[in-house]
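Report on the following structure.
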Amino acid sequence: MSTFDGSIREIPGISVDRFDGENLKSSTFFLSHCHTDHMKGLQNVQFQEKLISEKKYLYLSSISAVILRILYPGITHRIKELPLEQETSIELESGLYVSVTCIPAGHCPGSVMFLFETDKIRVLYTGDYRIHTHDITKFRCFYDIFGIVKPIDKIYLDTTFFLKSYSSFPKREISLTEVCNVILRWTSQDPQNSIKLDLSAKYGYEYVFAEIYKVCKMPVHVDEERFKIYSAIPELDRCVTTNGLSTQIHSCYYPSRDICYSCDVHKVRIVKLSALRWKNRDFNSSSVSELGEDGTLFICYSTHASYEEGLALLDFLKPNDVHVCVDRPDDPVTNANIRKLIDKQLNKEKPQNEPAEVQMLFDVISQVQIGSSIDISRCESRANSPLKKMFKGDSILDSPPR
């Protein structure tokens with residue numbers, strides 16, 4: 001859970017994912033995604049009145065905007081959608097201009113990272129994210145016009161699983177294949193059999209619902225509150241239902257019971273998607289699922305980056321500093337370990353740019369523009385960003401969801 005206080009210290013006047021306390025003094029606000037721990041203060045009258053009376057804006061992705069307009073219709077006109085992977089120039093109250101780029105974060109539908117750039121500073125706020133290690137290099141916004149990775153002054157990092165005990169997680173495609181196979185095996189045995197999806201959070205598993213519908217041809221039964229939001233998102237509206245009798249798959253919540261009223265309690269199989277449970281696992285040699293003592297089937301599924309995925313981000317961008325966005329108030333030892341791991345990565349020797357390299361890149365771009373033949377493979381940048389890929393337009397990402 002995020003413990004970030006909302007302040008981007010390097011760029012005064014900006015607050016991200018926190019809208020109370022000192023953040024009310026900010027003039028420009030950003031929301032990375034619509035999960036409760038990133039929306040603190042957003043529901044407060046004081047914040048909403050500030051947006052309206054002072055004509056301030058809350059910037060976010062298009063999918064997050066759909067959700068927010070349903071939750072808080074009173075601030076609809078103070079919401080501004082930012083395009084993905086395109087720079088947007090925003091004037092702050094101080095008169096300073098900041099360039100903002102939304103980068104798909106792979107955490108949940110609508111989740112984004114924010115790359116803030118001024119003439120003096122460059123900051124990346126990851127929010128909650130999970131991106132495959134090989135996808136990080138595909139975002140063009142991380143490169144300058146010469147194909148060199150931009151220097152990053154600071155990263156505000158999702159450190160939920162930045163620990164060696166969570167070295168890696170299985171790809172979500174593998175986890176979801178296991179989920180769908182379990183559902184199909186159980187529901188095909190008896191039309192009265194049903195699946196209860198036990199999820200650790202109310203939101204964040206939308207991509208799971210979409211994949212289940214695609215493979216199993218059944219929607220997931222959800223409560224009215226979630227259906228109201230999901231049905232407004234075109235990618236999800238067919239994947240969920242409020243009619244528990246129309247499906248064998250349930251992720252509904254009731255105050256007084258765990259099992260849906262539409263289900264036979266003796267024919268329900270509980271499937272729990274989790275990540276915290278899977279410490280010190282080698283998924284190259286072990287299964288992504290295991291049976292609990294009470295009959296619950298646990299399947300490893302993470303919407304946050306693993307330690308290796310976090311390292312890949314830092315190794316690629318080589319920031320000067322990192323702010324830890326997930327502190328554990330009751331676990332100072334873990335906090336200290338995370339800080340040590342980050343500092344160790346930051347202190348690795350950084351290759352220096354050479355003027356000759358920049359000149360070579362000028363020559364490459366010039367020759368490509370005039371159609372001259374050149375061996376681009378010889379001109380890879382210091383940060384493993386092949387110009388060959390950039391010129392070919394290789395920007396397809398494998399990290400769901402978008």
So, for [X] and [Y], which heavy atoms are closest and what is the spacing to 0.1 Å?
X	Y	result
Arg172	Gly106	NH1-O, 2.6 Å
His77	Tyr57	O-CE2, 3.8 Å
Leu92	Val98	CD2-CG1, 3.8 Å
Gln248	Pro191	NE2-O, 3.4 Å
Glu85	Phe139	OE1-CD2, 3.5 Å
Gly244	His250	O-CE1, 3.2 Å

Heavy-atom donor-acceptor pair, [X] side chain to [Y] backbone, under 3.5 Å:
X	Y	value
Lys50	Leu24	yes
Tyr213	Val208	no
Lys348	Asp315	no
Thr160	Val326	no
Asp331	Thr334	yes
Ser274	Cys300	no
Asp282	Asn284	yes
Thr247	Ile249	yes

The residue among Phe283, Trp278, Phe161, Tyr307 that forms ring-ring contact (aromatic ring centres under 6.0 Å, His included) with Tyr166 is Phe161
Ser194 side chain near Lys267 side chain, heavy-atom distance below 4.5 Å: no
Are any of the side-chain heavy atoms of Lys154 and Val322 separated by less than 4.5 Å? no
Between [Y] and [X], is there a side-chain donor-acceptor contact under 3.5 Å, judged purely by atom types and distance?
X	Y	result
Ser32	Asp17	yes
Ser168	Glu308	no
His38	Asp128	yes
Thr296	Asp294	yes

Neighbour count above 12 (heavy atom, 6.0 Å) for Lys171 NZ: no
Tell me whether the count of non-hydrogen atoms from other residues, nucleotides or ligands lying under 6.0 Å of CD in Gln43 goes above 12. yes
Do Ile233 and Ile67 pass the side chain to side chain contact (heavy atoms under 4.5 Å, CB included) test, and can you show the C-alpha distance, the side-chain angles, and the key distance before you say yes or no? CA-CA 8 Å; Ile233 302 173; Ile67 297 172; 4.2 Å; yes
Please determine whether salt bridge (Lys or Arg N to Asp or Glu O under 4.0 Å) holds for the pair Lys138 and Asp135, giving the CA-CA distance in whole Å, both sets of side-chain angles, and the decisive distance to 0.1 Å. CA-CA 5 Å; Lys138 297 178 182 179; Asp135 278 345; 3.3 Å; yes
Quick one: do [X] and [Y] make a salt bridge, cutoff under 4.0 Å?
X	Y	answer
Arg18	Asp20	yes
Arg130	Glu309	yes
Arg122	Glu10	no
Lys272	Glu290	no

List the steps, then state whether salt bridge (Lys or Arg N to Asp or Glu O under 4.0 Å) holds for Arg9 with Asp5. CA-CA 10 Å; Arg9 292 158 179 78; Asp5 64 9; 2.5 Å; yes
Ring centroid separation for [X] and [Y], is it under 6.0 angstrom?
X	Y	result
Tyr129	His107	no
Tyr59	Phe114	no
Tyr125	Phe30	no

Regarding Lys279 and the six-membered ring of Phe169, is the cationic atom NZ or CZ under 6.0 Å from the ring centre and inside 45° of its axis? no
To the closest 0.5 Å, what do you measure between CG (Leu297) and CD1 (Ile299)? 4.5 Å
Using the side chain to side chain contact (heavy atoms under 4.5 Å, CB included) rule, take Lys196 and Cys260 through it: C-alpha gap first, then chi angles, then the decisive distance, then the call. CA-CA 8 Å; Lys196 164 68 175 182; Cys260 179; over 6 Å; no
Taking it one step at a time, do His221 and Asn243 satisfy side chain to side chain donor-acceptor pair (under 3.5 Å)? CA-CA 7 Å; His221 178 210; Asn243 182 0; over 6 Å; no
Might you work through the side chain to side chain contact (heavy atoms under 4.5 Å, CB included) test for Lys318 and Ile152, ending with a clear yes or no? CA-CA 7 Å; Lys318 295 179 170 57; Ile152 302 294; over 6 Å; no
Working note: Glu117 + Lys150, criterion side chain to side chain contact (heavy atoms under 4.5 Å, CB included); need CA distance, chi angles, decisive distance, verdict. CA-CA 10 Å; Glu117 300 176 87; Lys150 296 175 180 177; 3.1 Å; yes
